[in-house]
Amino acid sequence: GKELTASTIHELSRRKGGPFIAVNCAEVPETLLDTELFGYEKGALPREKGKLEAAGGGTVFLKEISDMPLSLQARLLRVMEEGVIERLGGKEVVKADVRIMASSTRVLEQEVTAGRLLADLYRRLNDFAVILPPLRDRGEDKLIVAKYYLRRICMAEGVSKRFSDMAIEALKSYSWPGNVQELINKIRRAVLISESDTITPIDLSLKVPITENIASLREARSSVEKRKLMEILEMTSHNISKASALLGVSRPTIYSLIKKYGIGSSDT
């Protein structure tokens, strides 16, 4: 959910009219990341803007910032401190009007200590930090997020579907190692393959918690037991002796069940 959060911050800011560009520093080789971010001016090749320049007036979101090579971190720091960009192979600097946000799945203080992140860059990026707990630690928010994306995906597909009770329990109990993106993927798949308007755990490729199955069986048994007891008591005009004889249990058992289910009684 880090990129979704960054995108939301951008959309709610004064820079919402500008571009929002995300770059994953862990997926782009160093030589390509240089031109990807800063652009280049080489020989007869046409001048090309980098993402930092192309996002003028907007936001660049850098994922896995500590995977960026230190040499590029130093150049990024200059962009943040002086508001200028140096294209690869260029002799002049270009004015930069861009907000930079960054994220990491690692503890950045430890990355600084390990020498993988420049301390000065970390301090600049850490002006305002947002800590995002993993989806598994977000309690009931997991269900709120799931229902939001279910509505959104259903609207896009022109259908109307809801989660079954068992699907809701499965969503709440799953650990979500892939966080929000995994949640979105599972819901999208479920919307496409479910054969009714109710999405089940099977549609979501999730298992129903065993404890929930046990609880459901206990609740079903209690419901049947209470209903049968009430029928017998009504049939015998709440005569405990007759009720115990018909049910084949002792009088103390009848009294215990009456107390358990809060049923009024009288003996004759």
Side-chain angles (χ1 to χ4, degrees), residues 1-28 33 36-37 49-68 73 76-77 79-80 83 96-109 111 117 121-163 168 171-172 174-192 199 204:
K2 293 185 287 294
E3 184 172 342
L4 291 170
T5 300
S7 176
T8 301
I9 291 172
H10 171 77
E11 290 299 329
L12 295 175
S13 74
R14 287 176 292 180
R15 288 182 173 267
K16 63 182 179 181
F20 175 83
I21 299 175
V23 179
N24 192 328
C25 301
E27 294 180 352
V28 185
L33 186 60
E36 179 89 353
L37 291 176
K49 291 182 179 180
K51 294 291 193 292
L52 293 169
E53 190 176 350
T59 302
V60 168
F61 176 56
L62 301 172
K63 295 185 279 187
E64 300 303 333
I65 185 64
S66 63
D67 282 326
M68 178 183 287
Q73 289 183 31
L76 178 65
L77 180 60
V79 174
M80 299 181 71
D97 175 24
V98 61
R99 174 176 50 199
I100 295 172
M101 290 193 282
S103 71
S104 178
T105 54
R106 302 169 185 159
V107 179
L108 291 183
E109 292 88 343
E111 294 297 284
L117 182 64
L121 179 59
Y122 170 68
R123 282 190 285 270
R124 288 303 304 262
L125 291 170
N126 202 40
D127 281 348
F128 191 92
V130 178
I131 307 300
L132 294 177
L135 190 59
R136 64 178 174 273
D137 294 338
R138 297 189 191 182
E140 293 298 320
D141 285 355
K142 287 185 289 188
L143 190 55
I144 294 173
V145 174
K147 288 182 175 179
Y148 166 78
Y149 278 106
L150 177 61
R151 289 194 301 270
R152 185 169 170 177
I153 293 169
C154 282
M155 287 179 62
E157 296 297 329
V159 297
S160 177
K161 296 180 183 288
R162 65 178 184 86
F163 294 123
I168 287 174
L171 286 165
K172 289 162 63 176
Y174 185 57
S175 62
W176 298 108
N179 285 303
V180 175
Q181 192 57 58
E182 182 183 13
L183 174 69
I184 295 171
N185 292 343
K186 284 187 178 295
I187 293 174
R188 181 177 290 113
R189 177 181 182 275
V191 168
L192 294 175
I199 292 175
L204 291 163

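What you see below is based on every heavy atom in this structure, not just the backbone, and it leaves out hydrogens, waters and symmetry mates. Nothing fancy with the numbering, it's 1 onward along the sequence.
The neighbour count for Lys161 NZ, taken as heavy atoms of other residues, nucleotides or ligands under 6.0 Å away, is above 12.
When side chains are defined from C-beta on, Glu3 does not count as touching Val180, because their heavy atoms never get closer than 4.5 Å. The side-chain heavy atoms of Glu111 and Ile65, taken from C-beta on, include no pair separated by under 4.5 Å. Looking only at side-chain heavy atoms (C-beta outward), Leu52 and Ile21 stay at 4.5 Å or farther from each other.
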Start with the C-alpha gap between Leu37 and Met68, add the side-chain angles, then the distance that decides, and say whether side-chain contact (heavy atoms from CB on, under 4.5 Å) holds.
CA-CA 11 Å; Leu37 291 176; Met68 178 183 287; 3.5 Å; yes
Report the C-alpha distance between Asn126 and Leu108 in whole Å, list the side-chain angles of each, state the deciding distance to 0.1 Å, and finish with yes or no for side-chain contact (heavy atoms from CB on, under 4.5 Å).
CA-CA 10 Å; Asn126 202 40; Leu108 291 183; over 6 Å; no
Before you tell me yes or no, could you show the steps for Trp176 and Lys186 under side-chain contact (heavy atoms from CB on, under 4.5 Å), namely the whole-Å CA-CA distance, both residues' side-chain angles and the distance that decides it to 0.1 Å?
CA-CA 11 Å; Trp176 298 108; Lys186 284 187 178 295; 3.6 Å; yes
Is there a side-chain contact (heavy atoms from CB on, under 4.5 Å) between Thr105 and Asn179? Walk through the geometry before answering.
CA-CA 12 Å; Thr105 54; Asn179 285 303; over 6 Å; no
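Nearest approach of Leu150 to Arg162, heavy atoms of both residues: CD2-CA, 3.9 Å. When all heavy atoms of Ala96 and Val79 are compared, the pair lying nearest together is CB-CG1, 4.1 Å. Here the closest heavy-atom approach between residue Ser104 and residue Ser66 is recorded as OG-OG, 4.1 Å. For the pair Gly56 and Pro19, the tightest heavy-atom approach, listed with the atom from each and the gap, is O-CD, 3.7 Å. Ala146 and Ile187 get closest at one heavy-atom pair: O-CD1, 3.5 Å. When all heavy atoms are compared, the tightest approach of Arg15 to His10 is O-CE1, 2.9 Å.
Evaluated for a side chain to side chain contact (heavy atoms under 4.5 Å, CB included) with Met101, the options Thr5, Thr59, Leu62 yield exactly one hit, Thr59.
Once rounded to the nearest 0.5 Å, the distance linking CD of Gln73 with CG of Leu77 reads 9.5 Å. Rounding to the nearest 0.5 Å places CZ of Phe163 at 6.0 Å from CG of Leu204. We find the CG-CG distance between Leu125 and Leu76 to be 6.5 Å, quoted to the nearest 0.5 Å. To the nearest 0.5 angstrom, Arg189 atom CZ is 13.0 Å from Ile153 atom CD1. Ile184 CD1 to Leu4 CG: the interatomic distance, rounded to the nearest 0.5 Å, is 5.5 Å. The NZ atom of Lys2 sits 6.5 Å away from the CD atom of Glu64 when rounded to the nearest 0.5 Å.
Residue pairs meeting the salt bridge (Lys or Arg N to Asp or Glu O under 4.0 Å) criterion with at least one partner in residues 138-147, sequence neighbours excluded, are Glu140-Lys172.
Partners of Tyr122 by ring-ring contact (aromatic ring centres under 6.0 Å, His included), not counting sequence neighbours: none found.
Using bins of under 30°, 30° to 60° and over 60° for the plane-to-plane angle, the ring pair Phe61/Phe20 lands in the parallel bin.
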